[in-house]
Amino acid sequence: MTEGIAWDPLRRELERWQAAGRVARFWLRDDDAVEPTQALETLMALASENEVPLMLAVIPGLTGEALARRLEEEIAVAVAVHGWSHTNHAGPEAKKQELGGERPADVVLGELREGFQLLQRLHPARFLPVLVPPWNRIDAALIPALPGLGFAALSVYGRAKQGGPMTLLNTHVDIIDWHGTRGGRSEAELVAELVAELRDRFAGSDEPIGLLTHHLVHDAAAWNFLSALFSVTGRRHPAVCWSSALEMLGP
């Protein structure tokens with residue numbers, strides 16, 4: 001399957017949006033940033049070239065001044081809190097989770113408070129009060145306490161549920177094949193997911209479509225997909241708007 005054919009379903013769906021005079025909103029979240037790397041440089045260059053705002057979920061307990069100095073140069077990059085140390089505290093038979101109920105709530109919330117304050121200090125111009133739980137999982141009992149720590153929003157994976165205690169900035173399409181190659185998923189599969197998300201939004205949902213990436217594990221397939229996606233949905237497309245997390249948070 002050539003790239004042109006693989007991307008035709010997305011092009012056709014965006015043509016439908018354009019004909020209806022509507023604009024689809026996308027946003028980009030990348031997880032597990034810790035320090036400057038060539039992979040991070042590649043991601044930021046791709047995003048910048050295509051005027052795609054980027055929210056980096058940074059692991060507070062593993063990061064430091066090096067990343068802070070590098071990001072000072074980036075205008076369209078925001079920083080969110082990615083747990084504390086991305087450590088799995090779940091049992092051997094349970095799904096991985098750092099922010100679960102295995103430890104006392106005051107311990108978990110204390111780590112999140114420390115992570116919030118650390119990243120706010122390191123990235124004063126880029127910091128967003130958004131919590132991205134490692135593995136996209138958090139014990140529901142912890143969520144009501146998050147505003148008291150300063151968090152304004154939570155970002156996990158899947159359709160946002162209405163009426164919860166926190167604003168949700170969720171992601172919906174993960175480009176990595178975690179249960180197989182642990183590299184980029186197939187273009188056809190990802191395009192089909194994007195089209196399904198767009199059709200849902202066309203039918204009435206106004207939730208921005210979140211793209212989830214993990215720059216440290218990207219292979220050629222992942223980078224090629226991102227490059228092609230940004231080309232198809234590029235800054236000049238009349239039916240597409242790549243939003244920043246700051247814009248979605250509002251005042």
Side-chain angles (χ1 to χ4, degrees), residues 10 13-14 17 20 22-33 47 52-58 76-83 86 95-101 108-109 112 115-116 119 127-176 178 185 189-214 229 233 239-251:
L10 181 59
E13 182 62 24
L14 290 176
W17 281 71
R22 297 181 60 183
V23 176
R25 290 193 299 158
F26 292 85
W27 78 287
L28 176 61
R29 186 188 106 197
D30 182 88
D31 288 3
D32 300 347
V52 173
L54 169 64
M55 187 178 85
L56 287 177
V58 177
V77 176
V79 167
V81 182
H82 198 26
H86 213 300
K95 291 182 177 179
K96 292 180 178 179
Q97 190 166 210
E98 180 175 64
L99 309 180
V108 178
L109 295 172
L112 291 179
F116 184 107
L119 294 186
F127 180 76
L128 291 180
V130 177
L131 174 62
V132 180
W135 298 286
N136 290 294
R137 300 185 185 108
I138 182 171
D139 188 339
L142 296 172
I143 296 176
L146 297 179
L149 302 181
F151 289 103
L154 183 66
S155 181
V156 289
Y157 190 80
R159 302 288 173 86
K161 296 179 180 179
Q162 302 300 317
M166 292 284 290
T167 297
L168 293 175
L169 303 180
N170 282 6
T171 55
H172 309 89
V173 177
D174 188 340
I175 76 170
I176 300 299
W178 293 109
R185 296 167 59 201
E189 187 177 15
L190 288 167
V191 167
E193 286 190 11
L194 287 168
V195 169
E197 295 290 342
L198 282 165
R199 288 175 178 167
D200 174 75
R201 304 313 189 273
F202 197 89
S205 170
D206 61 356
E207 184 180 4
I209 299 170
L211 189 74
L212 177 57
T213 64
H214 287 74
L229 175 64
T233 62
V240 174
C241 173
W242 280 93
S243 299
S244 71
L246 179 60
E247 291 169 339
M248 294 187 293
L249 276 178

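Note: hydrogens, waters and symmetry copies are ignored here, and every other heavy atom, side chains too, is used. Keep in mind the model is a prediction, meaning the values are calculated, not measured.
Under the side chain to side chain contact (heavy atoms under 4.5 Å, CB included) test applied with M55, the options L246, V79, V77, V130 reduce to a single match, V130. For the side chain to side chain contact (heavy atoms under 4.5 Å, CB included) with F26, the qualifying choice from V173, V52, L229, V240 is V240, the only one to do so.
Using modelled atom types, one side-chain atom of R22 and one backbone atom of F202 make a donor-acceptor pair closer than 3.5 Å. Of the possible polar contacts, one joining the R185 side chain to the D174 backbone as a donor-acceptor pair under 3.5 Å is found. At distances below 3.5 Å, not a single donor-acceptor pair connects side-chain atoms of Y157 with backbone N or O atoms of N170. Side chain of R201 to backbone of E207: a donor-acceptor contact under 3.5 angstrom is found. The backbone N or O of V156 lies less than 3.5 Å from a partner atom in the side chain of T171, making a donor-acceptor pair.
Note that CG of L212 and NE2 of H172 are 11.0 Å apart. Values are rounded to the nearest 0.5 Å. Note that CD of E197 is 12.0 Å distant from CG of L10, once rounded to the nearest 0.5 Å. With rounding to the nearest 0.5 angstrom, the CD1 atom of I209 is 13.0 Å from the CG atom of L28. Taken from CG in L168 to CD1 in I143, the straight-line distance is 7.5 Å, to the nearest 0.5 Å. In this structure, NE2 in H214 is found 4.0 Å from CG in D31, a value given to the nearest 0.5 Å. Separating the CG atom in L194 from the CD atom in E13 is a distance of 10.5 Å, to the nearest 0.5 Å.
Side-chain contact between L112 and L142 is absent, with no heavy atoms from C-beta onward closer than 4.5 Å. The closest side-chain heavy-atom distance from E98 to P133 is not below 4.5 Å. Looking only at side-chain heavy atoms (C-beta outward), L149 and L131 stay at 4.5 Å or farther from each other. Within the 4.5 Å cutoff, the side chain of K96 has no heavy atoms near those of the H86 side chain.
Residues A80 and V132 come closest through the heavy atom pair CB-CG2, 4.1 Å. Residue N136 comes nearest to R29 through the heavy atom pair OD1-NH2, 2.9 Å, listed as atom of the first residue, atom of the second, then distance. Among all heavy-atom pairs drawn from P208 and W27, the shortest one is CB-CD1, 4.1 Å. Nearest heavy-atom pair, P53 versus W242, reported as atom, atom and distance to 0.1 Å: CD-O, 3.5 Å. Scanning all heavy atoms of the two residues, the minimum distance from A245 to L169 falls at O-CD1, 4.1 Å. Closest approach of P144 and P147 over heavy atoms only: O-CD, 3.4 Å.
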Could you go through the side chain to side chain contact (heavy atoms under 4.5 Å, CB included) check for W135 and K95 one step at a time?
CA-CA 9 Å; W135 298 286; K95 291 182 177 179; over 6 Å; no

Which is it for L146 and I138 under the side chain to side chain contact (heavy atoms under 4.5 Å, CB included) test, yes or no, and what are the steps along the way?
CA-CA 11 Å; L146 297 179; I138 182 171; 4.1 Å; yes

